[in-house]
Amino acid sequence: MPLALFDIDGTLTASNEIDSACRAQAFMDVFRFPLNTNWNDYEHVTDRGIANEAFRQKHERDPTEDELSRDRARCVQLLQQELNELKEIPGAGAFIKQLRNREWRVALCTGAWGDSAMLKLARAGLPTDLPLASCDQDISRKAILSRGIELAGGRRREAVVSFGDALWDVSAAGLLHLPFIGIGEGAETLRRSGAAEVFKDYLDADAVFAAIDRVTA
């Protein structure tokens, strides 16, 4: 069976802005110094990777798992307070349903903490019963994609397509030689970075399925 891997923030949920704000505030609340919010500056653009790198630059050591767990808990707490309403990327839920009806496996691969990812999916009315790979276990986007493939029972000889909205999603898919489809408001930026197939949303599902056929041919 073929497999589709989806990032969450900006790819399935319209949560990039609120997620970034809560991510920065949680770090400040727990570690007591401000976080550089230019995410492109980080080696690993994941909640774990950002916390590790910023903390190490300040204290010349990695944060402990206990310290990271407090950061994770504060992120979730802030999102619970701020996410009064969260919209899906238009057509996301219906597109996932179509994939599953066509006997595709689907896995979620997010750089966010797992608890915050599940909260955002639930608030946006998206499925919460899919395999989820997050930064709880892995620091890099590449490792998170690999774990998503493993969790979904996928095999590399089968068709595997990665969906994402950011440059680090393009990069991670490239490192694993996975076909990539760009989604979201930054579609043109993704196209300039080398993504051949980009869409603002999933509303034209036939066009997205045609793109899948092209990138997996």
Side-chain angles (χ1 to χ4, degrees), residues 1-16 19 83 85-112 114-138 141-166 168-170 172-174 176-187 190-191 195-217:
M1 293 171 63
L3 169 62
L5 306 173
F6 288 90
D7 173 52
I8 297 176
D9 293 298
T11 302
L12 294 178
T13 62
S15 53
N16 276 338
D19 186 71
L83 280 179
E85 180 183 10
L86 181 60
K87 295 181 180 179
E88 66 171 25
I89 299 301
F95 185 72
I96 288 176
K97 184 177 181 179
Q98 287 191 55
L99 281 168
R100 298 173 87 176
N101 287 342
R102 295 186 185 200
E103 297 189 345
W104 276 68
R105 295 187 183 97
V106 177
L108 307 177
C109 300
T110 178
D115 290 345
S116 66
M118 293 299 289
L119 173 64
K120 285 173 279 192
L121 291 168
R123 293 286 171 90
L126 292 168
T128 57
D129 62 340
L130 297 167
L132 174 67
S134 73
C135 74
D136 290 9
Q137 292 82 28
D138 300 297
R141 294 270 176 171
K142 176 184 176 183
I144 289 168
L145 285 178
S146 293
R147 188 176 294 272
I149 294 171
E150 179 183 349
L151 290 174
R155 294 186 294 272
R156 294 298 298 274
R157 66 174 179 271
E158 299 171 319
V160 180
V161 181
S162 179
F163 290 79
D165 71 302
W168 43 84
D169 296 317
V170 180
L176 291 173
H177 307 289
L178 298 179
F180 179 84
I181 293 179
I183 295 290
E185 294 295 334
L190 298 180
R191 191 188 301 278
E197 303 287 348
V198 295
F199 299 89
K200 185 176 180 179
D201 52 42
Y202 303 90
L203 291 178
D204 189 348
D206 289 341
V208 182
F209 276 109
I212 290 175
D213 289 340
R214 289 192 292 271
V215 299
T216 58

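Residues take their numbers from the sequence shown, with the count starting at 1.
- With a 4.5 Å cut-off on side-chain heavy atoms, S146 and L176 count as touching.
- Looking at heavy atoms from C-beta onward, D169 lies out of side-chain contact with F6 at the 4.5 angstrom threshold.
- Residue K120 holds its NZ atom at 3.5 Å from CG of D19, rounded to the nearest 0.5 Å.
- If you take OG on S134 and CG on L108, they are separated by 10.5 Å, rounding to the nearest 0.5 Å.
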Tabulate below the donor-acceptor pairs under 3.5 Å that side-chain atoms of residues 178-185 make, not counting sequence neighbours, or state none.
none

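- Checked against side-chain hydrogen bond (donor to acceptor under 3.5 Å, both in side chains), D115 has no partners two or more places apart in sequence or in another chain.
- With sequence neighbours left out, the side-chain hydrogen bond (donor to acceptor under 3.5 Å, both in side chains) criterion links D165 to T11, N16.
- To the nearest 0.5 Å, atom OG of residue S116 and atom CG of residue D9 are 7.0 Å apart.
- Within the 4.5 Å cutoff, side-chain heavy atoms of L130 are placed close to those of R100.
- At a threshold of 4.5 Å between non-hydrogen side-chain atoms, the residues L126 and I8 do not count as touching.
- A pairwise comparison of heavy atoms in E197 and A211 identifies OE1-CB, 3.6 Å as the closest pair.
- How far CG of L3 is from CH2 of W104: 8.0 Å, rounded to the nearest 0.5 Å.
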Review item, side-chain donor-acceptor pairs of residues 86-99, under 3.5 Å, at least two apart:
residue: E88; atom: OE1; partner: G93; partner atom: N; Å: 3.1
residue: E88; atom: OE2; partner: G91; partner atom: N; Å: 3.3

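- The closest side-chain heavy-atom distance from L145 to S162 is below 4.5 Å.
- Annotation: side chain of T110 is not in contact with side chain of I144 (no heavy-atom distance under 4.5 Å).
- Nearest approach of A152 to A107, heavy atoms of both residues: CB-CB, 4.0 Å.
- Residues satisfying the side-chain hydrogen bond (donor to acceptor under 3.5 Å, both in side chains) test with R147, not counting sequence neighbours, are D138.
- For T13, the side-chain hydrogen bond (donor to acceptor under 3.5 Å, both in side chains) partners two or more places apart in sequence, or in a different chain, are S15.
- Annotation for R214 and A207: closest pair NH2-O, 4.4 Å, computed over non-hydrogen atoms.
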